[in-house]
Amino acid sequence: MKKINDNIINIGVADFKTDLFEGQYRIPNGICYNSYLVLDDYVTVFDTVDKKFTTEWMETLEKSLNGRQPDYLVLQHMEPDHAGSISGFLTKYPNVQIVANTKSFALIARFNKNLPEFNKKVVADGETLCTGTHTFKFIFAPMVHWPEVMVSYEIYSKTLFSADAFGTFGVCEDNEKITPANWADEACRYYIGIVGKYGSQVQTLIKKLAPLEIDTICSLHGPHLSGDLSGYIELYDSWSSNRAEKEGVVIAYASAYGNTETAVEMLAENLSANGCGDVKVFDLARCDMSKAIAEAFRYPNVVLASITYNSGIFPVMTEFINGLTERNFQNKTVGIIENGSWGPIAGKVMTSMLERCKNITYAQNKVTVNSAVDDTAVTAISALADELCG
Ligand code: FEO
């Protein structure tokens, strides 16, 4: 339980049990499923939590209610990490009114097959709900990250309940220490992994929110954000518009016997010596793939380095490139390092996989390693570094 202000309390839960969020993202520092209680003449709850935590959440809710009863349960997003405890909530509070849009009500029925009848309040985009001092304006945000998503702006406290937007992995114990700089890495991994395909829809939401005066952002994951929010919003704007956030090069590689790795290490040394900004190197067989994919979206230059394998490329490089293309990778300069002992075609395969990506410029200095790095490869690596830093 964490107070946002005198009337708004985060009654969400911290999940340290799940190994892979959504079945695929590593969460070594856990994840929060936030839920908010807004105390007023009428009592409102924003979203539930994953069903693994229904009991814990309901206990916190009851304690925070201090003898009162909830009047409204607002459902902003129907993904089970937030909507998994609707049934438990309605069992205890059958008279509550569920506030959601038409698409959410359709999904409630699909996820909860035997739910008894309950009170519904269907809201439209832009509709408001007054609970006394507080007035909530519901703003539809389709595909940020499911079609039914809406966010809610509370006019009196200038609080944005932002659903998945501005969410992050990790459990934060000390909200006061959050800054855009220490929030960005995991928030970007979360954003690119989960919402990244829908950048244009996030841009639409950012434009809808622009006229609002926002003091606090209460996401469904991670810490609430307050103070000067411009840094967080600028990061979201750059990620969702495929604009490079910072200078530098991401090198993602797949190496079987260390020779491609040697070429990558040489390139990284050259880039660093040239003062080319950050140089981020990912061994795709061993790194957190979601981290490598997210970082590739943050920088203007990405180098793909792979051996030729089974007349194609190494499987982890296929996974990496697919992770880029399914999230609309674009606006990049891409360098290629290929390795092969009798028929090096990795470069051709990697390039063809990026064919549908918009605005990709290939570095002219492609590096071909024939089994192991030789003088020709050293010269090509140096030329690639010079070109990327030019
Ligand atoms: Fe955190 Fe899209 O659910």
Side-chain angles (χ1 to χ4, degrees), residues 2 10-36 45-54 56-57 73-87 89 98-101 103-108 110-112 138-152 160-172 183 186-206 209 217-225 232 236 239-240 290 293-294 323 326-328:
K2 197 174 284 178
N10 183 351
I11 54 168
V13 298
D15 179 1
F16 291 104
K17 294 179 191 166
T18 300
D19 57 345
L20 296 174
F21 179 66
E22 289 191 354
Q24 59 176 321
Y25 299 103
R26 296 181 202 173
I27 43 172
N29 300 311
I31 191 161
C32 304
Y33 310 120
N34 294 332
S35 165
Y36 299 95
V45 177
F46 273 84
D47 297 290
T48 75
V49 298
D50 188 292
K51 69 180 176 190
K52 291 197 287 287
F53 298 90
T54 304
E56 179 185 335
W57 172 66
L73 171 63
V74 178
L75 297 176
Q76 301 185 113
H77 184 15
M78 277 304 299
E79 195 166 9
D81 52 334
H82 309 298
S85 299
I86 294 173
S87 178
F89 182 87
I98 302 265
V99 180
N101 58 46
K103 287 179 181 167
S104 287
F105 281 117
L107 287 170
I108 290 173
R110 285 176 202 160
F111 277 108
N112 302 273
F138 303 110
I139 300 166
F140 287 13
M143 301 319 296
V144 186
H145 123 249
W146 278 15
E148 84 297 355
V149 169
M150 62 184 192
V151 302
S152 311
L160 177 70
F161 296 92
S162 63
D164 274 343
F166 299 97
T168 184
F169 298 120
V171 173
C172 170
W183 175 84
E186 281 295 85
C188 185
R189 186 169 73 90
Y190 174 89
Y191 170 80
I192 293 295
I194 289 157
V195 192
K197 181 177 176 59
Y198 305 109
S200 62
Q201 289 88 345
V202 174
Q203 281 288 299
T204 301
L205 177 61
I206 289 173
L209 299 178
I217 296 176
C218 291
S219 168
L220 291 177
H221 298 290
H224 68 271
L225 307 175
Y232 304 103
Y236 243 64
W239 300 337
S240 57
S290 69
I293 291 168
E326 70 189 30
R327 292 170 177 81
N328 296 327

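Please read all numbers here as calculations on a predicted model, not as lab measurements. Heavy atoms only: backbone and side chains are in, while hydrogens, waters and symmetry mates are out. Each ligand, and each atom within it, is numbered from 1 in the order the structure gives. Counting begins at 1 with the first residue of the sequence.
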Run F169 and I194 through side chain to side chain contact (heavy atoms under 4.5 Å, CB included) and show every step you take. CA-CA 11 Å; F169 298 120; I194 289 157; 4.0 Å; yes

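- Residue contact annotation: H82 places no N/O/S atom under 2.8 Å from atom 2 (Fe) of ligand 1.
- Sorting the N, O or S atoms of H145 by how far they are from atom 2 (Fe) of ligand 1 puts ND1 first.
- Taking 2.8 Å as the threshold, D81 counts as a candidate ligand of atom 1 (Fe) of ligand 1, since one of its N, O or S atoms lies below it.
- Ring pair Y33/H82 is perpendicular by interplanar angle, where above 60° counts as perpendicular and below 30° as parallel.
- The atom name of the N/O/S atom in E79 closest to atom 2 (Fe) of ligand 1 is OE1.
- Q76 and S152 share a side-chain donor-acceptor pair at under 3.5 Å.
- In this structure, K52 places its NZ atom where more than 12 heavy-atom neighbours from other residues, nucleotides or ligands lie under 6.0 Å away.
- D164 contributes OD1 as its N, O or S atom closest to atom 1 (Fe) of ligand 1.
- Ring centroid separation for the pair F166 and Y232 does not come in under the 6.0 Å cut-off.
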